[in-house]
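Both backbone and side-chain heavy atoms feed into the values below; hydrogens, waters and symmetry mates do not.
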Amino acid sequence: MMKQTLTIFKTMGLIPLVLYALDSAAQQDLEKELPAAPLRHEKVSATFKSTKLINGHSNETIYKNELDFKVDHRFGDIAGNNGGIKQFFGLDNSTDIRIGFEYGITDRLSVGLARAKGATAVRQLYEGSLKYRLLEQTIDDYIPVAITLFASNTLTGVQASTNPSDATAYGNFRDRQNYVSQIILARKFNSSFSFSITPSYVHRNFTAFRDQNDLFAIGAGGRLKLSKRMALVVDYFMPFRNKSDKAYLEQNSGVKFYNPLGAGLEIETGGHIFHLNFTNATAIEEMQFIPQTTSSWLKGQYRWGFSISRRFSFDKKKKMADKPKASSEK
C-alpha cells in the first residue's frame, strides 16, 4: 500500500514538469509564427523620394559615394498676357534652366555644384551647397521628426551695370555673393504621406535700391503617394518682407510680389526620378524664387516645368553586393 501511494505522488509530481515542457514548446512555435519585432530605434527610410520637391529642398541627402545628376527646367507663362496659343502656352519661352550635381561624402553629408540661367536681371548663377542630416526619424518615434540643414552660396557672373540703383551694379567680387540657410523639419506619417516645414534665411550682399538684403521665409511641402511609382508633391513659401520696402518696390517697378506655390507629379522609374510640375515661380534657385517671385496663379502666370534626376553609385562594395551571383548549373 505504501509503495502504491509513493508511486502516485511521484506521478503527480511529474505532471507539472510535463505541462511546463509542453507550454514552452508551444510558446516557441508561436514565437516562430509571429513577425519579428522591429529593431530598437530603427530609422525611417525614404521620407521623400528626391532631394527636392518642386521649388524647395526635402530632407533627403545623397548616400556615400553616390552622385546625383539633376536637370531642372521652367517654361514661360501658360496663360495671361504673356501666355496662350501665341507663345504655345509657354513652351516657346524658358524662364530658367539649372544643371546640378550632388555627391555623398557620407550617408549624412552631401555637397552640390550647379549652374543656372537665372530668372531676373541677376543671371549666370553658380551655386555651391552643403546638406547635412542632423537627425533621422525613427519608427518607434524615439525621434519623431527628421532634421536636415542646408546652406548654399551662389555667385553671379553677369556683367555689372553702370546704374547704381540696379540689382547688378556690382563694385567688387563680394557684391556678387548670395547665401541661403535652411532648417528642414520633416516627418513621414505613414507609407503614403510625408510633410515638411522649412524655416529659411536669404542674404544677398547686393540688391536694388530699397530691396532687402536679409529676408526670412517659411516653407512647407508634402508628398502623397498615389501608386507604387507615382506621387503628388506640393510646396509653398511665404517670405516676410518689410511692408514699406515692398510698397516702394511695387510702386516704382510696376510689379507685385507673390508667394511661390508649386504642385506636380513625381514619377519613379528605376534609377530615375521625374517631376512634372506647375508653379508660379520663374526662378529655380532659392536666392531668387523666395524673394523675387512676381507671377500670380490667379493671373494665369504659372508655368509648366520638369526635373529629371539620375543617380550613379561609385561604391564598389555595394556594386558587388548588388551583382547577381553566377550559377554553377549549366
Enquirer: Only pairs at least two apart or in different chains count here, so list each ring-ring contact (aromatic ring centres under 6.0 Å, His included) that has a residue in residues 107-149.
Expert: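 As it turns out, the ring-ring contact (aromatic ring centres under 6.0 Å, His included) pairs with a partner in residues 107-149, which skip direct neighbours, are His41-Tyr142.
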Enquirer: Can you find a pair of side-chain heavy atoms, one from Phe75 and one from Asp92, that are under 4.5 Å apart?
Expert: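 A side-chain contact is absent here, since even the closest heavy-atom pair is not under 4.5 Å.
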Enquirer: According to the ring-ring contact (aromatic ring centres under 6.0 Å, His included) rule, which pairs have a member within residues 89-115, sequence neighbours left out?
Expert: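 Residue pairs passing ring-ring contact (aromatic ring centres under 6.0 Å, His included), neighbours aside: Phe69-Phe101.
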Enquirer: Is there a donor-acceptor pair under 3.5 Å between the side chain of Arg74 and the backbone N or O of Thr282?
Expert: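 Such a contact is absent between Arg74 side chain and Thr282 backbone.
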Enquirer: Minimum heavy-atom separation for Ser307 to Asp72, with atom names?
Expert: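 Looking at all heavy atoms of both residues, the shortest contact is CB-OD1, 2.9 Å.
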Enquirer: Checking Asp140 against Thr138: is there a side-chain donor and acceptor pair closer than 3.5 Å?
Expert: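 Short answer, yes.
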Enquirer: Tell me, do Asn259 and Pro239 make a side-chain contact under 4.5 Å, heavy atoms counted?
Expert: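 In contact.
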Enquirer: Where do His73 and Ile284 come nearest, in terms of heavy atoms and distance?
Expert: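 Where His73 meets Ile284 most closely, the heavy atoms are N-CD1, 4.2 Å.
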Enquirer: Using modelled atom types and a 3.5 Å cut-off, is there a donor and acceptor pairing between side-chain atoms of Asn190 and backbone atoms of Lys188?
Expert: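 No: the side chain of Asn190 does not pair with the backbone of Lys188.
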Enquirer: Hey, are Ser161 and Asp166 close enough side-chain-wise for a donor-acceptor pair under 3.5 Å?
Expert: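 Looking only at side-chain atoms, Ser161 and Asp166 do form a donor-acceptor pair, the distance falling under 3.5 Å.
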Enquirer: Are Val234 and Leu265 connected into the same hydrophobic cluster when the rule is that any two of I, L, V, M, F, W, Y join if their side-chain heavy atoms are below 4.5 Å apart?
Expert: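 Hydrophobic grouping puts Leu265 with Val234.
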Enquirer: Quick check: closest heavy atoms across Asn280 and Pro260, and the distance to 0.1 Å?
Expert: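 Answer, listing the atom of Asn280 first, then Pro260: OD1-CA, 3.4 Å.
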Enquirer: Using the side-chain hydrogen bond (donor to acceptor under 3.5 Å, both in side chains) rule, pick out the option among Lys131, Glu102, Glu60 that qualifies with Thr51.
Expert: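 The residue from Lys131, Glu102, Glu60 that satisfies side-chain hydrogen bond (donor to acceptor under 3.5 Å, both in side chains) with Thr51 turns out to be Glu102.
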Enquirer: Once rounded to the nearest 0.5 Å, what's the spacing between atom CD1 of Ile273 and atom CD1 of Ile308?
Expert: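 Taking CD1 in Ile273 and CD1 in Ile308, the distance rounds to 10.0 Å.
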Enquirer: To the nearest 0.5 Å, what is the distance between CG (Asn178) and CD (Glu286)?
Expert: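 Reported to 0.5 Å precision, the distance equals 12.0 Å.
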Enquirer: Going by atom types only, do Asn277 and Thr279 share a side-chain donor-acceptor pair under 3.5 Å?
Expert: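 No donor-acceptor contact under 3.5 Å links the two side chains.
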Enquirer: Are Ile97 and Leu91 in one and the same hydrophobic cluster, where Ile, Leu, Val, Met, Phe, Trp and Tyr link if side-chain heavy atoms are under 4.5 Å apart?
Expert: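 No: no chain of side-chain contacts under 4.5 Å links Ile97 to Leu91.
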Enquirer: Classify the side-chain pair Gln301/Ser296 by whether it contains a donor and acceptor separated by less than 3.5 Å.
Expert: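 Side chains of Gln301 and Ser296: no pair found under 3.5 Å.
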Enquirer: Can you find a heavy atom in the side chain of Leu125 that is under 4.5 Å from one in the side chain of Arg115?
Expert: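 In short, these two side chains do not touch, never coming nearer than 4.5 Å.
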Enquirer: Does the distance from a Lys or Arg side-chain N to an Asp or Glu carboxylate O, for Lys43 and Glu136, drop under 4.0 Å?
Expert: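 Salt bridge present between Lys43 and Glu136.
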Enquirer: Do Glu127 and Thr154 have side-chain atoms, one donor and one acceptor, less than 3.5 Å apart?
Expert: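 No, Thr154 and Glu127 have no side-chain donor paired with an acceptor closer than 3.5 Å.
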Enquirer: Could you go step by step and tell me if Tyr170 and Val158 meet the side-chain contact (heavy atoms from CB on, under 4.5 Å) rule?
Expert: CA-CA 10 Å; Tyr170 305 124; Val158 69; 3.9 Å; yes
Enquirer: Does Phe48 reach the side chain of Leu53, with side-chain heavy atoms less than 4.5 Å apart?
Expert: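 A side-chain contact exists here, since the closest heavy-atom pair is under 4.5 Å.
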Enquirer: Quick one: do Thr168 and Val122 satisfy side-chain contact (heavy atoms from CB on, under 4.5 Å)? Show the steps, please.
Expert: CA-CA 6 Å; Thr168 58; Val122 180; 4.0 Å; yes
Enquirer: Where is the tightest heavy-atom contact between Arg176 and Ala160, given as atom of each residue plus distance?
Expert: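 Scanning both residues, the minimum pair turns out to be NH2-N, 3.8 Å.
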Enquirer: Should Leu226 and Ser192 be marked as a side-chain contact (heavy atoms from CB on, under 4.5 Å) after you check the CA-CA gap, both sets of side-chain angles, and the distance that decides it?
Expert: CA-CA 8 Å; Leu226 302 177; Ser192 298; over 6 Å; no
Enquirer: Please identify which of these residues, Arg123, Arg98, Glu285, Gln124, meets the side-chain contact (heavy atoms from CB on, under 4.5 Å) condition with Lys117.
Expert: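 That would be Arg123.
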Enquirer: Without hydrogens or angle criteria, can the side chains of Thr61 and Arg133 be said to hold a donor-acceptor pair below 3.5 Å?
Expert: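 Side chains of Thr61 and Arg133: pair found under 3.5 Å.
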Enquirer: Nearest 0.5 Å please: distance from the CZ atom of Arg310 over to the OG1 atom of Thr269.
Expert: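 The OG1 atom of Thr269 is 8.5 Å from CZ of Arg310, to the nearest 0.5 Å.
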Enquirer: Quick one: pull up CD1 in Ile62 and OG1 in Thr106 and give me the separation to the nearest 0.5 Å.
Expert: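 With rounding to 0.5 Å, CD1 (Ile62) is 11.5 Å from OG1 (Thr106).
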Enquirer: Determine yes or no for a side-chain-to-main-chain donor-acceptor pair under 3.5 angstrom, with Thr95 supplying the side chain and Ala119 the backbone.
Expert: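 No: the side chain of Thr95 does not pair with the backbone of Ala119.
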Enquirer: Looking at Asp214 and Arg204, is any side-chain nitrogen of the basic one under 4.0 Å from a carboxylate oxygen of the acidic one?
Expert: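 Answer for the salt bridge query: no.
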Enquirer: My understanding is that only one of Ile184, Leu109, Ile183, Asn59 makes a side-chain contact (heavy atoms from CB on, under 4.5 Å) with Leu149; could you say which?
Expert: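 Between Leu149 and the candidates, side-chain contact (heavy atoms from CB on, under 4.5 Å) is satisfied uniquely by Ile183.
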Enquirer: Quick check: is Ile105 connected to Leu67 through a chain of hydrophobic side chains (ILVMFWY, heavy atoms under 4.5 Å apart)?
Expert: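 Linked within one cluster.
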Enquirer: Find out if a path of hydrophobic residues (ILVMFWY) with successive side-chain heavy-atom gaps under 4.5 Å connects Tyr179 to Val202.
Expert: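 Hydrophobic grouping puts Tyr179 apart from Val202.
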Enquirer: Report the distance from atom OG1 of Thr207 to atom CG of Asp175, rounding to the nearest 0.5 Å.
Expert: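 Result: 10.0 Å between the selected atoms.
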Enquirer: Whether Arg210 engages the ring of Tyr248 as a cation-pi pair (distance to the six-membered ring centre under 6.0 angstrom, angle to the ring normal within 45°) should be assessed.
Expert: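 Geometry flag: set, cation within 6.0 Å and 45°.
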Enquirer: Look at the rings of Phe274 and Phe306 and say which category their plane angle falls in: under 30° parallel, 30 to 60° tilted, over 60° perpendicular.
Expert: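 Rings of Phe274 and Phe306: parallel, under 30°.
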Enquirer: Distance under 6.0 Å and angle within 45° of the ring axis: does Arg187 meet both against Phe189?
Expert: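 Positive - Arg187 is close enough to the ring of Phe189 and near enough to its axis.
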Enquirer: Would Gln177 and His203 count as a side-chain contact (heavy atoms from CB on, under 4.5 Å) if you check the C-alpha gap in whole Å, the side-chain angles of each, and the deciding distance to 0.1 Å?
Expert: CA-CA 9 Å; Gln177 299 186 60; His203 174 80; over 6 Å; no
Enquirer: Quick one: do Arg311 and Asp68 make a salt bridge, cutoff under 4.0 Å?
Expert: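 Yes.
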Enquirer: If the test is salt bridge (Lys or Arg N to Asp or Glu O under 4.0 Å), which one of Lys86, Lys299, Arg303 qualifies with Asp77?
Expert: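 So the option named by the test is Arg303.
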Enquirer: Shortest non-hydrogen contact from Asp235 to Asn55?
Expert: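 Taking Asp235 first and Asn55 second, the nearest heavy atoms are OD2-N, 2.7 Å.
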Enquirer: Kindly give the heavy-atom pair with the smallest separation between Phe289 and Ala281, and that separation in Å.
Expert: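 For Phe289 versus Ala281, the nearest heavy atoms are CB-CB, 4.0 Å.
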Enquirer: Can you tell me how far CD of Glu66 sits from OG of Ser313, rounded to the nearest 0.5 angstrom?
Expert: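 Between Ser313 OG and Glu66 CD, I get 5.0 Å after rounding to 0.5 Å.
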Enquirer: When you group the ILVMFWY residues by side-chain heavy-atom contacts below 4.5 Å and let the links chain together, are Ile197 and Phe193 in the same group?
Expert: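 Yes; Ile197 is reachable from Phe193 via cluster members.
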Enquirer: Any carboxylate oxygen within less than 4.0 angstrom of a Lys/Arg side-chain nitrogen, looking at Glu266 and Lys49?
Expert: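 Lys49 and Glu266: not salt-bridged.
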Enquirer: Hey, mind stepping through Ser200 and Gln182 against side chain to side chain donor-acceptor pair (under 3.5 Å) and telling me if it holds?
Expert: CA-CA 4 Å; Ser200 306; Gln182 295 180 323; 3.0 Å; yes
Enquirer: Tell me if the aromatic rings of Phe216 and Tyr201 count as close, with their centers under 6.0 Å from one another.
Expert: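 Yes; Tyr201 has its ring centre under 6.0 Å from that of Phe216.
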Enquirer: Determine, stepwise, if the pair Asp211 / Arg241 fulfils salt bridge (Lys or Arg N to Asp or Glu O under 4.0 Å).
Expert: CA-CA 9 Å; Asp211 199 354; Arg241 282 187 169 275; 3.5 Å; yes
Enquirer: With a 4.5 Å limit on heavy-atom distance, are the side chains of Trp297 and Tyr258 in contact?
Expert: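 A side-chain contact under 4.5 Å is absent here.
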